[in-house]
Structure formats: structure tokens, C-alpha cells
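Read the structure below first, then the notes.
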Amino acid sequence: MKCPYCGYEESKVIDSRPADEKIRRRRECLQCKNRFTTYEIVETTPLMVIKKDGSRQLFDRGKLMNGLLRACEKRPVSVETLDRTIDQIETELRGSLDHEVASYHIGELAMKYLKELDEVAYVRFASVYRQFADVNSFMDELKSLLQEK
């Protein structure tokens with residue numbers, strides 16, 4: 001980091017603290033001893049979702065939250081729990097190092113976590129996500145859920 005006063009290229013960090021979505025660092029030049037502030041921004045690559053029709057759009061936590069909220073309506077699952085679940089899903093998606101992910105993969109992850117949180121919410125989400133054609137396909141999903149227990 002170049003000193004804005006003398007141009008010397010070495011400084012030491014005196015203080016670091018978060019500031020909004022940045023990191024504020026107070027620095028001291030090792031040559032002239034003047035102090036200055038720098039801001040660092042964490043750079044993330046956007047996560048793209050490949051839809052069923054092949055189109056691409058940015059990953060939207062809000063859309064996932066809306067789907068999970070609908071599935072958990074009138075169930076004993078807090079919004080904070082759903083927020084942590086979305087954090088886990090997003091971490092898992094970003095951990096794969098792929099910048100593009102198929103929408104079905106997000107749905108499968110959501111169902112995996114919902115199954116652990118609340119089985120009724122899981123079945124609700126699965127019924128919309130898997131587009132059950134009739135009662136038999138719905139019953140098959142319930143039977144597989146009961147067999148796992």
C-alpha cells in the first residue's frame with residue numbers, strides 16, 4: 001500500500017474494523033510516520049442460476065426465502081432458522097467453485113435442509129417443486145419419507 005504523503009510502499013496496520021460491507025484499516029507509513037485510512041471490499045463472483053429453459057439469472061436469496069416461507073407457513077420454523085438455512089445452501093453452492101448452478105440443484109438442497117427442519121414443510125415444498133401430478137405421486141413421496149424413519 002503506497003503512502004499518500006510520501007509514496008513509500010510499506011505501511012503497518014494500526015487498526016481494522018468492519019464498516020458496512022467494507023473493512024476499514026488505519027495504517028501508518030513506515031517511512032514518514034503519517035497515518036491514513038484505507039477501505040477494502042470483499043470481491044465475490046456472482047452466482048448464476050441456470051433455469052429449466054436454459055436462461056441464466058443471478059442467484060436471489062429473496063426468491064429462495066419466499067419459497068421456504070411458503071412451505072413453512074403456520075409451522076414452528078423461525079425466519080432466523082430459514083435465514084441460516086439459506087446461508088448454508090449459499091455456502092454449499094459457492095463452495096463448489098462453480099459460478100453457475102442448475103436451479104434443480106438449489107431445489108434439491110432446499111428439500112434436503114427442509115427435511116431436517118420440518119417434515120410437513122418438506123412435503124409442501126416437494127409437492128410444488130416436484131410438481132406432483134396426482135395423489136399417488138404425493139403418496140409415494142410420503143411413503144419414502146416414512147420408510148426413512
Side-chain angles (χ1 to χ4, degrees), residues 1-4 9-29 35-149:
M1 179 63 56
K2 270 189 175 180
C3 173
E9 292 193 9
E10 291 189 37
S11 63
K12 68 178 179 180
V13 175
I14 297 169
D15 181 42
S16 288
R17 39 179 102 162
D20 296 323
E21 294 182 10
K22 305 173 197 168
I23 299 172
R24 178 185 178 273
R25 297 203 193 279
R26 205 56 194 137
R27 297 178 179 270
E28 182 178 295
C29 176
R35 293 183 176 189
F36 57 99
T37 302
T38 60
Y39 292 93
E40 294 179 19
I41 299 172
V42 177
E43 187 174 56
T44 58
T45 54
L47 184 61
M48 298 301 290
V49 178
I50 305 170
K51 307 294 280 182
K52 286 180 186 176
D53 65 1
S55 65
R56 287 167 168 72
Q57 59 183 232
L58 285 172
F59 174 74
D60 184 357
R61 288 177 60 96
K63 283 185 178 182
L64 184 54
M65 178 60 93
N66 287 338
L68 295 179
L69 282 171
R70 268 188 254 121
C72 294
E73 193 171 323
K74 296 184 182 178
R75 300 297 304 156
V77 181
S78 70
V79 174
E80 291 80 21
T81 301
L82 292 179
D83 202 37
R84 282 192 305 272
T85 300
I86 293 173
D87 286 343
Q88 290 173 317
I89 292 170
E90 191 172 0
T91 299
E92 201 167 321
L93 292 172
R94 290 189 185 281
S96 71
L97 300 178
D98 288 333
H99 301 297
E100 294 185 334
V101 62
S103 60
Y104 77 86
H105 186 59
I106 297 170
E108 294 295 327
L109 285 173
M111 288 196 317
K112 176 182 103 173
Y113 285 103
L114 274 177
K115 188 183 273 189
E116 297 168 7
L117 287 176
D118 188 279
E119 290 176 343
V120 173
Y122 163 77
V123 172
R124 286 178 179 170
F125 190 88
S127 69
V128 173
Y129 175 71
R130 293 208 172 126
Q131 298 175 341
F132 293 146
D134 55 19
V135 175
N136 290 330
S137 57
F138 190 79
M139 289 301 294
D140 291 341
E141 187 66 33
L142 289 175
K143 286 176 188 174
S144 70
L145 187 63
L146 289 172
Q147 287 175 351
E148 288 177 17
K149 283 188 152 188

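Throughout, numbering of the chain's residues begins at 1 and tracks the sequence.
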Euclidean distance, [Y] [atom2] relative to [X] [atom1], rounded to 0.5 Å:
X	Y	atom1	atom2	value
Thr85	Lys112	OG1	NZ	11.0 Å
Met48	Ser55	CE	OG	9.0 Å
Arg25	Ile23	CZ	CD1	5.0 Å

Residue list, side-chain hydrogen bond (donor to acceptor under 3.5 Å, both in side chains) with [X], at least two apart or on another chain:
X	answer
Asp60	none
Arg94	Glu90
Thr81	Ser78, Arg84

For [X] and [Y], which heavy atoms make the closest approach, and how far apart are they?
X	Y	value
Gly107	Phe125	O-CE2, 3.8 Å
Phe36	Cys29	CE2-N, 4.2 Å
Glu119	Lys115	CG-O, 4.1 Å

Exercise. Give the intermediate values and the outcome of side chain to side chain contact (heavy atoms under 4.5 Å, CB included) for residues Leu82 and Leu117.
Key: CA-CA 9 Å; Leu82 292 179; Leu117 287 176; 4.3 Å; yes
Quiz item: Which residues satisfy the side chain to side chain contact (heavy atoms under 4.5 Å, CB included) test with Glu28, sequence neighbours excluded?
Solution: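 Lys12, Ile14, Lys33, Arg35.
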Quiz item: With Leu93, which residues qualify under side chain to side chain contact (heavy atoms under 4.5 Å, CB included), at least two apart?
Solution: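 Side chain to side chain contact (heavy atoms under 4.5 Å, CB included) list for Leu93, sorted by chain: Leu47, Phe59, Ile89, Val101, His105, Ile106, Leu109.
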Quiz item: For Glu9, does the CD atom have more than 12 heavy-atom neighbours from other residues, nucleotides or ligands under 6.0 Å away?
Solution: no
Acceptor/donor pairs from residues 64-76 side chains to any protein atom, 3.5 angstrom cut, sequence neighbours excluded:
unit_1: Asn66; atom_1: ND2; unit_2: Gly62; atom_2: O; d: 3.4
unit_1: Arg75; atom_1: NE; unit_2: Asp118; atom_2: OD1; d: 3.0
unit_1: Arg75; atom_1: NE; unit_2: Asp118; atom_2: OD2; d: 3.3
unit_1: Arg75; atom_1: NH2; unit_2: Asp118; atom_2: OD2; d: 3.1

